[in-house]
Structures are given as C-alpha cells and as structure tokens.
Amino acid sequence: MAMPPRLQDRAVLALLRIYGTSTRCLQARHASPRLPMRQVSSLVARSAGFTRTAAFPAGVEEGQSSPASHGGSRRSYASSTSPAKQQQQQQQQQPPREIAVLGGGLTGLTTAYYLNKFVPSAKVTVYEASDRLGGWVDSQRFAAEGRGGSEVKGIFERGPRAVPALGQTNRYDDLVLYELVQDLGLQTEMFNIPRGEEGLPNQYIYYPDHLENVKLKMPTKNDSLATWVGAAVNILHAALTRPIFKGAPTAFVNFVLGYGKRSPAGQASGAVADESIGDWLLRRTGRREPVDNMVGAMMHGIYGGDVWKLSVFQSPMQSMWLKDNLRGRGKLVFEKDLDLFQDLYYNGDAEYKKMVRNSMNFGLIGFNDGFGTLTDAITRRLKTDSKVKFKLGEPVTDISYNEPTGRIKIKTSKSKTGVAYDKVISTILAKDLYAITNNKLPSLRNEQATSIMLVNLFYPKRDLIRPHRGFGYLVPSSVAYDLNPEGALGVIFDSDHQDFMRGANNADEVRGTKLTVMLGGHHWDWLPRDRWPSRDEAVLMGRAVVARHLGIPPDEPLAAAGAKLCWQCIPQQHVGHTTRMQGARGELERAFRGGLAVAGPSYTPPGVLPSLRAGRDAAMAAAGKGYRTHKGTSRMTHVGETGLGQFRAGGEGEGEGEEADDGSSDGERVLRSEVLPFRHGYARGLYPEDE
Ligand SMILES: Cc1cc2nc3c(=O)[nH]c(=O)nc-3n(C[C@H](O)[C@H](O)[C@H](O)COP(=O)(O)OP(=O)(O)OC[C@H]3O[C@@H](n4cnc5c(N)ncnc54)[C@H](O)[C@@H]3O)c2cc1C
C-alpha cells in the first residue's frame, strides 16, 4: 500500500517542518511532565462538612422561596454609606438592565438566551470577535461528485457531533438541553441513539500497532447465570491476554481494595491535594500501563490533553477521587445538581417530564442536521427580540470598572471610547480575558488551551473500515512514534454514527465512508501557529493516518475532504486549576465588584452539556434568580456574582460562597444510586413522584 510519491513527499515535508527542527516533541513524548501537587484548601472545608444522607425529607413543594433569595443576591463591596454609595447599593439590588455577553459560541448564546428569558426587560448585547456565531459548533454541508458522477451530499461536523446522555452519571446538565429543545421547538430535530447501541457497538484503542476493541460485552441483570459465567470468562481471558489490558487486572484489584487511598501529601497535612489524573490512578492502582494506554487515550478523546497534567479534580473522575477522601457508600452527588434537577423537572410540563423520563434510555444525543441546529435556533429566537443585539466581527479589546458609576466599561475594535454595562458576562477563554483586563486577573494568565487539527474525509466507497465498526478509535501517547508520527489523537467513524442515526430518523445523506481524524492536541502544544500544517497538508496527514491504522489506500478516491485548525479550542484544566480559580474569584470581586462574571469551559469542564448548564446558571445568577427547589429558591452560591462561586477557599464563609439561608449550597452528599431520579436506570428516587 504505497503512498503516491507526490502526496508522500508533501506529507513528509509537513511532518519534517513540524518535528524535524525541534527535539522538544520527542522529549515531551518520553518524559511525563509532572507539576507539583498543590493543596486545594476548599476541599478541606468541604470534606470536613461532609455527611452521609439517606434522603431529603419527603414533600417537594413547588415554588417555595425564601424572601432573602429574590433579587437581592448581589453583594455590595462599598465600604462607605454615603448617599451616593447607598444609591449605588440600591441599584445593585435590581436585576441588571444592560448586559453584555462576550463571545457568541455555545456558552455565550445560551447565556444570552436565558438572560432574555429570566430578565425580559434587559437589553442584551452579544460581542463576537469573528463574523459568525456558534464558536466551535460548526456543522458544514458539502456537496460533491461521487462515484459514477452522482451527487454526494452530507455534513462535516467540524466541532461537536453528539453528546453522551447522562443517565449513567450523577449529573443533570442534559436537562438544560431538553429545556432548550422544547423552548425552541426542536423535538423532531433531535435524535438519540439508545443506550447500549451508542457504543455503535464497539470502541477501539489503537495499541500497540492495531485496533483493540475495549468495549467488552457485559451481561445485564436479566441475563441467566450461564451468560454471566460466560461473560466473566471472556472478560478474564481478554484481561489476561490482550496487550491493551496489560496491568489492568492488578490495577482493578488494587483499586477495589483501596490501595494508596490517601495521598502522601494529604496524609502529611491532613488535607486533600489536587493531583493529575495519571498520578492519582498510579497511586491508587500501582500500575502505570492502564493509565498510559487506556485512560490516556480517553483523555485524548475528551480534552486532546495529557493525562499526567490534567487535574483529577476537574475531570470526569472527580467524584471517584473525592470519595477516596470522604466516608459513605454510594454515589457522590453535588447539591447543585440535585437542585438543578428539581428546578427543571418539577417546573416542567408533562411533555418535558416525558422527555426527561425517556432520557434514561438515551445513549448519544445529537441533531439530524448537526449541532449547528441548536445554535442557529437560539440565534433565530434571540433575533426576534429587538432588545437583543449582536455585534459580529467586533472583538472586545478592553474591560474596566468605572468606580463612580459602578458600571463595567468595555472597548472594542470598533468602539474606542467604550460602552458601559450594568453586568458583563465573559464566555471567552480565560487567558484571552486576562489579556483584555489590564493585568487585573493575573490568576487567569497561565490557564492553557490546546489546539486540534480536524480532518474530515468522505469516501464514496462504503465499508472501507471493515472489519471494524463502531464509534471510532483513540490513540494513546504510548504508541510508538513511527506508528503515529502525525500525532493523531483519534479517528471518529462518522458514517457508522450516521447508519445508527439513519435507523432512528432517516437522515438524508448518501452512504459512503465518512471519517474525522483529530491531530495535534497536547502533542503539538509547543508548535507556533504559523508552523501548523496547511489545509492540504493536514488532509494528507489524515489520509496517512487512516492508511497506516485502518488500511485505507492513500489513493482511494475521496468525494470531499476538509481540514480546520481549531486553534486553542479545548481549555486544559491542569493541576492547580482550583487554586487558580480561587485566586481569580477574589480578583474579579476586587477589580470589578461583581460586575464582571465568567462562564464556560475555561472554568467548568469542557463539552456541550456543561456549556449549556454554565450559560443558564450564569444568566440565572445575573438575574438574581435561583433554582426553585423544595427548600426554597437557591441563591446560586456555586455561581455567585463572579461565576466562580464554587471555588471558595477553605474557611471562606462570607460573600457569594456563603451558605444560603434556605440551606442551598454547592456541597455534596453520598447517595445510593437508586435514589437518584432518572439515573442509573431508576425512575423513582429521592423525590416523591408527582405523577
Ligand atoms: C473539534 C471539537 C470537537 C468537539 N466535540 C465535542 C463533542 O463531540 N461533544 C461535546 O460535548 N463537546 C465537544 N467539543 C467541545 C464543545 O464544542 C465546546 O465545549 C463548546 O462548543 C464551547 O463553547 P464556548 O461558547 O464556551 O466557546 P467557543 O466556542 O470558543 O466560543 C467563544 C467565542 O468567543 C469569541 N471570542 C473570543 N475572544 C473574543 C473577544 N475578545 N471578543 C468577543 N468575542 C470573542 C470566539 O470567536 C468564539 O466564537 C468539541 C470541541 C471541538 C473544538
């Protein structure tokens, strides 16, 4: 399977330009960088307050609220009580009338949508640096000539394509998506692939030199004893014989037996210290191979990031890690998630409740015409209200606090004198915000984001990836350099997704083999922007990857191809993120007096669902509203005026992180799976069913 010489030369040239002049890449691949552990003092405080709770008191009553929780959540930072200051304080008790949202991506649009919903009288202006809305959500249609001259049509997703439903987790962010879908009338546009099929049905890791299916068939509780025994034998055999599972059996046993449960740093200080996902798992399992091979590959899929640098506290393993340090059996759940559930579910109508109930069986969720369906629908809705304005192609260049008026002034590329707002919510990257705030937010200076080169390939010929079929595959850093010189993070089998979608909703796309190759991520963090491959070079590199890993001939005719450099697209929450966010929270309070808030994946986990949740939360807090729960209306203490309320330092009890009078807080509890409503297969749970 030789690559045609001309193509080969160009692909090699691109590689040489990237790697040849620097030894840094090779060094980075062989040394596992370590950052020092830092103490996360907030966890100490939170751990100390931890208790095991069986259930809430029965009797959820809708609409109860504490008087203190309405409208008056904004904290006054004025020390003087002069009449002018008093007037300013009174103004601050009112919901803001003029609000700016920085960034027109998914988080910014969601924030603007909910601001418009929660404070309909407010004027909302969305500033977007580029000339299009949607940010990384980018569904692009293509039409090309296929085999025999027939027309080939389809969609290249150049950003998110499908999100995993949260039915098997302890979170409820997906309920925000269902609310938006209902509000915007997108019920028939949304599709879901039922749970169990979302693996489609296989998930692969390329290791050490071939694709290994890591989705082992698990029996269900309805299966017979013989099926269980057969499955156990198969799993054991796979675990003991397949290279990808090397070290996994020992790691599993160690983990279950509680090996290395308390960190040395934690034991010494009596505190809980942040650490990387890799360091935590190595400590708890005693084996490095499963971390490098399996978990490392998984982190490439989620963050394009380095398992030895990403903070475990901010990762999908957060609740497991926290539980190491807490007592109690069951699932660790955050109060804010249970409160979100109550707010949305109990205030939803019958149709909404049905959607939430059905979501228990969702595996993957997406939209027939791509995720752009959602951002387009939000934009269309916002454009119907003259109080919402969009400023496209107008990057914000400066943000400052105006002491006499208590307002936030922003300057843009087109407005040098500036415009003042009562409230500004920034959804742009943390380090970009640092750059436009005159060194007022130094804790954000070193927040990192990684870049990905996304290559979309559409071959008119079907079944090019057989015998493999499934979600796609990920490539860990432990794969030898000469088997992955392009720095591929993984390949998504889009056409297999499409087949499953087609079954569900007859999506109209000509069949073929559609693949997305993800290149770069942390492998190329050191590479200056002007040395990244061009579009054509990236397509060649993508083809070289699928030739080597999947055996697709490099000269196999393509009907359509594209590449997009997603520069600094995935924020990396490295070890110490929590401490830096605690710092940023204080800096925002001091420099902007609650007038500037932040939201989005620089602060909370990356992904579509967390972005939707962050946007809704930010708008709700800015509006002075809260989740309506059986305890009353929550004060959104996990958001607060800065958006960073959840990052309060240990011992801090005042201000926005304060425990609300009504008892709502962002604490956590350990609960049995079966009491979590609509999670882990249980429909009836903590709260009485009201239907
Ligand atoms: C290739 C790729 C694939 C992904 N796949 C998935 C997936 O399958 N599932 C999933 O859940 N998530 C996925 N994600 C993550 C998800 O897309 C993001 O978390 C989400 O879109 C982030 O939205 P955002 O609005 O916070 O940020 P962005 O989309 O980055 O939006 C920020 C906006 O701010 C603008 N801006 C920047 N600076 C300024 C300024 N100074 N003034 C004004 N505007 C400014 C930018 O132009 C941008 O439009 C993927 C991301 C990428 C890049």
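Ligands are counted one by one from 1 in listed order, and the atoms in each one are counted from 1 as well.
At a cut-off of 3.5 Å, with distance as the only test, a side-chain donor of Gln568 or Lys431 sits close to an acceptor on the other residue. If you check the side chains of Gln314 and Tyr303, you find no donor sitting under 3.5 Å from an acceptor. Between the side chains of Asp183 and Tyr113, a donor-acceptor pair is found at a separation under 3.5 Å. Asn484 and His523 share no donor-acceptor pair across their side chains, judged by distance under 3.5 Å alone. Between the side chains of Asn213 and His468, no donor-acceptor pair of N or O atoms lies under 3.5 Å.
Checked against a 3.5 angstrom limit, the closest N/O atoms of Trp136 and ligand 1 fall inside it. Of the N or O atoms in Thr107, one or more lie within a sub-3.5 Å distance of an N or O in ligand 1. For the pair Pro606 and ligand 1, the shortest N or O to N or O distance does not fall below 3.5 Å. At least one N or O atom of Val396 sits closer than 3.5 Å to an N or O atom of ligand 1. Ligand 1 has an N or O atom lying under 3.5 Å from an N or O atom of Val608, backbone or side chain. Of the polar atoms of Leu102, none of the N or O atoms is found under 3.5 Å from an N or O of ligand 1, judged by distance alone.
At the top of the distance list for atom 22 (C) of ligand 1, counting protein heavy atoms only, stands Ser611 OG, 3.7 Å. Among protein heavy atoms, the minimum distance from atom 34 (O) of ligand 1 is reached at Gly103 CA, 3.2 Å. Of the protein's non-hydrogen atoms, the one nearest atom 3 (C) of ligand 1 is Gly159 C, 3.4 Å.
Side chain of Asp496 to backbone of Gly470: a donor-acceptor contact under 3.5 angstrom is found.
Ligand 1 lies less than 4.0 angstrom from a heavy atom belonging to Val163. Ile570 counts as a contact of ligand 1, since one of its heavy atoms falls under 4.0 Å from the ligand.
With a heavy-atom cut-off of 4.0 Å, Pro160 touches ligand 1 through backbone and side chain alike. Within the 4.0 Å heavy-atom criterion, neither part of Pro610 lies near ligand 1. With a heavy-atom cut-off of 4.0 Å, Ile428 touches ligand 1 through its side chain alone.
Here atom 15 (C) of ligand 1 lies nearest to Gly607 when heavy atoms of Gly607, Gly600, Cys569 are compared. Of the options Met518, Arg158, Arg132, Glu128, the smallest heavy-atom separation from atom 48 (C) of ligand 1 is shown by Glu128.
Closest of all the heavy-atom pairs between Gly487 and Trp524 is CA-NE1, 4.3 Å.
In this structure, the separation between CE on Met581 and OG1 on Thr604 is 10.5 Å, given to the nearest 0.5 Å.
Remark: Lys440 fails to qualify as a cation-pi partner of Phe592 under the 6.0 Å distance and 45° angle criteria applied to the six-membered ring.
Within a 6.0 Å sphere centred on NZ of Lys391, other residues, nucleotides and ligands contribute 12 heavy atoms or fewer.
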